[in-house]
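Here's the structure we're looking at; comments come further down.
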Amino acid sequence: MKQYTVLVTAILLSLCMPTAMAERDVLLETNPATAVVGTNDYLMQAVRPETADMIHQFAQQWSNARAAVALAESHRQSGELTKEDLAWLEITKEDKMKNHRHSYAALLENHLLGRVHFYERSHNWNGENENDNEYRYFTYPGAHNQGTDKYTNSYGFNVLRTMADTMSNSIYEVEQSGLVGADFVNEVETRMISIMEKTQSTVQNDELRYYVNQTVWFAMKQTIKERMNREPSTPVNKEVNLKSEIQK
């Protein structure tokens with residue numbers, strides 16, 4: 001009976017194999033003009049609800065942390081420093097150190113790139129082609145644009161890496177802004193969602209549209225978790241009203 005079961009399984013696998021082998025992996029291909037397939041009837045949203053929610057959590061926790069640091073600075077000036085204030089100031093000092101990679105912006109960049117390389121390895125995509133003298137990937141203006149450049153990396157890698165780099169540059173700009181509170185949260189959310197929507201505007205492949213969402217969701221979640229482990233309190237559950245705290 002056991003031998004019969006093994007034989008039947010082997011036959012079924014052999015029947016399925018030609019179909020599986022014939023399936024075209026469009027995300028592995030090099031030229032977006034030929035890799036983009038399907039129609040506009042894709043099912044995956046540009047920004048899934050759980051991704052939008054994670055972006056909001058990330059922005060809110062970062063905003064609360066910035067407010068806590070500002071409050072600690074005001075306490076230092078007034079000579080009313082608490083243990084928690086000292087902890088926040090020490091974290092801020094570490095975040096500003098050269099090559100220190102634990103600020104919100106630096107962690108997000110690290111996790112975005114890490115997720116891109118995860119997909120690169122797990123799908124055997126070609127990325128940062130070591131056979132070329134320099135790293136080359138391209139942003140393309142439309143799904144059916146042929147262009148004149150040589151696309152050396154896999155389509156899936158190009159799309160995710162371009163998005164990750166754009167998000168990283170944008171988030172460092174926000175980090176340097178003087179925005180606080182709801183304005184800061186809105187700025188982070190607007191920037192991240194806009195970049196995702198622009199990325200998805202030329203992606204007609206549901207698998208890749210899902211990876212776009214997963215890359216952002218994972219990077220935000222990991223950043224939140226790592227920061228919560230370093231910070232003296234849990235900012236996501238403890239919003240700081242800087243003006244009211246200073247006036248106490």
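The figures that follow rest on heavy atoms only: side chains count, while hydrogens, waters and symmetry mates do not.
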Indicate yes or no for a side-chain donor-acceptor contact from [X] to the backbone of [Y] under 3.5 Å, with no hydrogens or angles considered.
X: Thr190; Y: Asn186; value: yes
X: Ser201; Y: Lys198; value: yes
X: Arg227; Y: His102; value: yes
X: Glu231; Y: Ala65; value: no
X: Ser103; Y: Ala106; value: yes
X: Ser122; Y: Phe118; value: yes
X: Gln61; Y: Ile224; value: yes
X: Thr162; Y: Val159; value: no

Could you tell me which residues satisfy side chain to side chain contact (heavy atoms under 4.5 Å, CB included) with Glu187, sequence neighbours excluded, listed by chain and number?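 Glu187: side chain to side chain contact (heavy atoms under 4.5 Å, CB included) contacts with Val174, Leu179, Arg191.
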Could you verify whether a donor N or O on one side chain and an acceptor N or O on the other, from Asn169 and Glu173, lie under 3.5 Å apart?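 No, no side-chain donor-acceptor contact under 3.5 Å.
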Regarding Thr82 and Glu84, is there a side-chain donor-to-acceptor distance under 3.5 Å anywhere?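 Per modelled atom types, Thr82 and Glu84 side chains form no pair under 3.5 Å.
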Drop me the distance from [X]'s [atom1] to [Y]'s [atom2], to the nearest 0.5 angstrom.
X: Leu108; Y: Ser170; atom1: CG; atom2: OG; result: 10.0 Å
X: Tyr119; Y: Leu27; atom1: OH; atom2: CG; result: 11.0 Å
X: Gln57; Y: Thr223; atom1: CD; atom2: OG1; result: 12.5 Å

Which residues pass the salt bridge (charged side-chain N to carboxylate O under 4.0 Å, His left out) test with [X], not counting sequence neighbours?
X: Glu207; result: none
X: Glu73; result: Arg76
X: Glu50; result: Arg48

Which pair of non-hydrogen atoms, one from Thr202 and one from Tyr155, has the smallest distance, and what is that distance?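 Heavy-atom minimum between the residues: O-OH, 3.8 Å.
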For Asp85 against Glu80, the heavy-atom pair lying closest together: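 Nearest pair, atom of Asp85 first, then Glu80: OD2-O, 3.8 Å.
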When Thr51 is tested against each of Thr215, Asn213, Val212 for side chain to side chain contact (heavy atoms under 4.5 Å, CB included), which residue passes?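 Filter result, single survivor: Asn213.
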Can you list the residues that meet the ring-ring contact (aromatic ring centres under 6.0 Å, His included) rule with Phe184, with sequence neighbours excluded?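 Checked Phe184 against ring-ring contact (aromatic ring centres under 6.0 Å, His included); matches are Trp62.
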Candidate pair Val203 and Gln200, rule side chain to side chain contact (heavy atoms under 4.5 Å, CB included), full reasoning: CA-CA 5 Å; Val203 176; Gln200 300 281 44; 3.9 Å; yes
If you look only at distance, which donor and acceptor atoms sit under 3.5 Å apart when one is on a side chain in residues 109-117 and the other is two or more places apart or in another chain?
from	atom 1	to	atom 2	distance (Å)
Glu109	OE1	Arg101	NH2	2.7
Glu109	OE1	Tyr172	OH	2.7
His111	NE2	Glu226	OE2	2.7
His117	ND1	Glu120	OE1	2.6

